[in-house]
Amino acid sequence: MAVPCLVSFFLSFLLSLSPAFSTNSEGNALHALRSRFSDPNNVLQSWDPTLVNPCTWFHVTCDSNNHVIRLDLGNSNISGSLGAEIGDLKHLQYLELYKNNIGGKIPKQLGNLKNLISLDLYENKFEGEIPKSLAGLKSVLFLRLNNNKLTGSIPRELTKLSNLKVFDVSNNELCGTIPVDGPFSTFPMESFENNKLNGPELKGLVPYDFGC
């Protein structure tokens with residue numbers, strides 16, 4: 001009878017550790033993110049990789065289960081780039097990286113963040129195309145990518161984001177036409193200004209990426 005009890009105790013012990021495993025994975029992702037950044041103001045000084053739980057780090061917010069749900073690094077004079085590890089923050093709801101000098105491409109792995117409510121990457125130096133994978137952000141309400149160096153067309157997959165309330169890609173180098181389906185029917189033209197866009201899409205008349 002001692003063996004089943006021992007097995008039961010061991011399983012319970014493993015289950016009790018599962019939040020720690022999760023936060024450690026998130027801590028690893030955040031530390032990998034930090035290694036990509038140049039941080040002259042030392043805003044990430046508290047991001048200590050020896051700690052199992054990143055919830056004590058500045059600019060990181062966790063829920064009651066110690067899952068990272070918010071990352072606030074807006075206007076922090078950070079430069080560098082984002083990597084695939086950002087997609088490991090599965091519980092993230094708010095990613096605030098606005099008004100920095102972050103460049104490179106927007107990682108397609110951002111589309112893995114199913115709980116994300118707000119994605120603010122505006123006023124940085126991001127380049128390349130807007131990833132189609134962002135259509136996976138089913139909970140997103142705010143998607144602001146304005147004032148970067150983004151190119152290519154606006155992915156039509158984004159018209160499936162039924163909860164999207166605010167979308168801004170102004171002041172980039174986007175081309176093609178502006179989507180008109182789904183929530184895009186409600187966004188003001190100011191959200192698209194100062195690009196190389198050719199106005200709203202004319203279905204059946206010209207391709208959506210006309211002019212690219």
Side-chain angles (χ1 to χ4, degrees), residues 33 36-37 59 69-89 92-201 208-212:
L33 183 64
R36 293 177 176 273
F37 286 158
H59 313 291
I69 59 170
R70 187 170 185 128
L71 191 57
D72 287 291
L73 291 172
N75 200 22
S76 297
N77 197 27
I78 289 172
S79 60
S81 62
L82 296 181
E85 62 275 353
I86 196 72
D88 293 333
L89 301 174
L92 198 65
Q93 297 178 17
Y94 297 87
L95 181 57
E96 307 299 327
L97 298 176
Y98 56 87
K99 294 185 179 180
N100 283 295
N101 295 298
I102 305 171
K105 294 185 177 181
I106 298 175
K108 64 180 181 180
Q109 290 81 4
L110 274 176
N112 297 338
L113 306 181
K114 309 299 183 185
N115 297 306
L116 202 66
I117 294 172
S118 178
L119 176 59
D120 283 323
L121 304 182
Y122 62 88
E123 293 190 36
N124 276 285
K125 296 181 178 179
F126 288 106
E127 57 189 23
E129 297 186 351
I130 300 172
K132 296 178 180 179
S133 62
L134 295 188
L137 303 177
K138 300 302 183 182
S139 301
V140 74
L141 298 176
F142 308 100
L143 180 52
R144 288 175 278 231
L145 308 175
N146 51 291
N147 296 81
N148 280 286
K149 299 179 180 180
L150 299 172
T151 56
S153 59
I154 300 172
R156 269 20 188 196
E157 290 81 357
L158 300 184
T159 62
K160 299 177 182 178
L161 296 175
S162 58
N163 294 317
L164 192 59
K165 302 300 182 186
V166 174
F167 180 80
D168 193 344
V169 290
S170 60
N171 299 295
N172 279 287
E173 300 174 17
L174 299 171
C175 57
T177 57
I178 299 171
V180 295
D181 293 330
F184 282 80
S185 64
T186 65
F187 300 144
M189 291 306 295
E190 288 79 6
S191 298
F192 307 96
E193 66 184 8
N194 295 324
N195 280 286
K196 301 176 183 177
L197 296 164
N198 291 307
E201 180 179 2
Y208 75 86
D209 57 355
F210 174 74
C212 282

Working for side chain to side chain contact (heavy atoms under 4.5 Å, CB included), residues Ile102 and Arg36: CA-CA 10 Å; Ile102 305 171; Arg36 293 177 176 273; over 6 Å; no

Electrostatic pair Asp168:Arg144 at N-O distance under 4.0 angstrom: no

Side chains of [X] and [Y] in contact at under 4.5 Å (non-hydrogen atoms):
| X | Y | result |
| --- | --- | --- |
| Leu137 | Leu113 | yes |
| Leu143 | Leu145 | yes |
| Ile69 | Tyr94 | no |

Looking at every non-hydrogen atom in both residues, tell me the closest pair between [X] and [Y] and how far apart they are.
| X | Y | result |
| --- | --- | --- |
| Leu82 | Phe37 | CD2-CZ, 3.9 Å |
| Leu174 | Thr151 | CD2-O, 3.5 Å |
| Asn124 | Tyr98 | ND2-CA, 3.9 Å |
| Leu92 | Arg70 | CD1-N, 3.6 Å |
| Pro131 | Pro107 | CG-O, 4.2 Å |
| Asn100 | Ser76 | OD1-N, 2.9 Å |

Verdict with supporting geometry, Leu164 and Val140, side chain to side chain contact (heavy atoms under 4.5 Å, CB included): CA-CA 6 Å; Leu164 192 59; Val140 74; 4.0 Å; yes

Evaluation steps, side chain to side chain contact (heavy atoms under 4.5 Å, CB included), between Arg156 and Thr177: CA-CA 10 Å; Arg156 269 20 188 196; Thr177 57; 2.7 Å; yes

Side chain Asn163, main chain Lys138, donor-acceptor under 3.5 Å: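 Confirmed, Asn163 side chain pairs with Lys138 backbone.
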
Residue pair Ser170 / Glu190, side-chain donor-acceptor N/O under 3.5 Å: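 Glu190 and Ser170 do not have a side-chain donor-acceptor pair below 3.5 Å.
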
Asn172-Asn148 side chain donor-acceptor pair, cut-off 3.5 Å: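 Absent: no donor and acceptor within the cut-off.
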
Ring geometry between Phe167 and Phe187 (parallel below 30°, tilted from 30 to 60°, perpendicular above 60°): parallel

Quick check for you: to the nearest 0.5 Å, what is the distance between [X] atom [atom1] and [Y] atom [atom2]?
| X | Y | atom1 | atom2 | value |
| --- | --- | --- | --- | --- |
| Asn115 | Gln93 | CG | CD | 6.0 Å |
| Ser118 | Lys165 | OG | NZ | 14.5 Å |
| Glu201 | Asp181 | CD | CG | 6.5 Å |
| Asn112 | Leu134 | CG | CG | 10.5 Å |
| Leu89 | Leu71 | CG | CG | 7.0 Å |
| Glu173 | Asn195 | CD | CG | 8.5 Å |

Evaluation steps, side chain to side chain contact (heavy atoms under 4.5 Å, CB included), between Tyr122 and Lys99: CA-CA 6 Å; Tyr122 62 88; Lys99 294 185 179 180; 4.3 Å; yes

Audit row: Gln109, Ser133, side-chain hydrogen bond (donor to acceptor under 3.5 Å, both in side chains) steps and yes/no: CA-CA 7 Å; Gln109 290 81 4; Ser133 62; over 6 Å; no

Test applied, side-chain contact (heavy atoms from CB on, under 4.5 Å); reference residue, Leu150; option that passes from Val169, Ile106, Asn171: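 Of the listed residues Val169, Ile106, Asn171, the side-chain contact (heavy atoms from CB on, under 4.5 Å) partner of Leu150 is Ile106.
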
Greater than 12 external heavy atoms within 6.0 Å of Lys114's NZ: yes

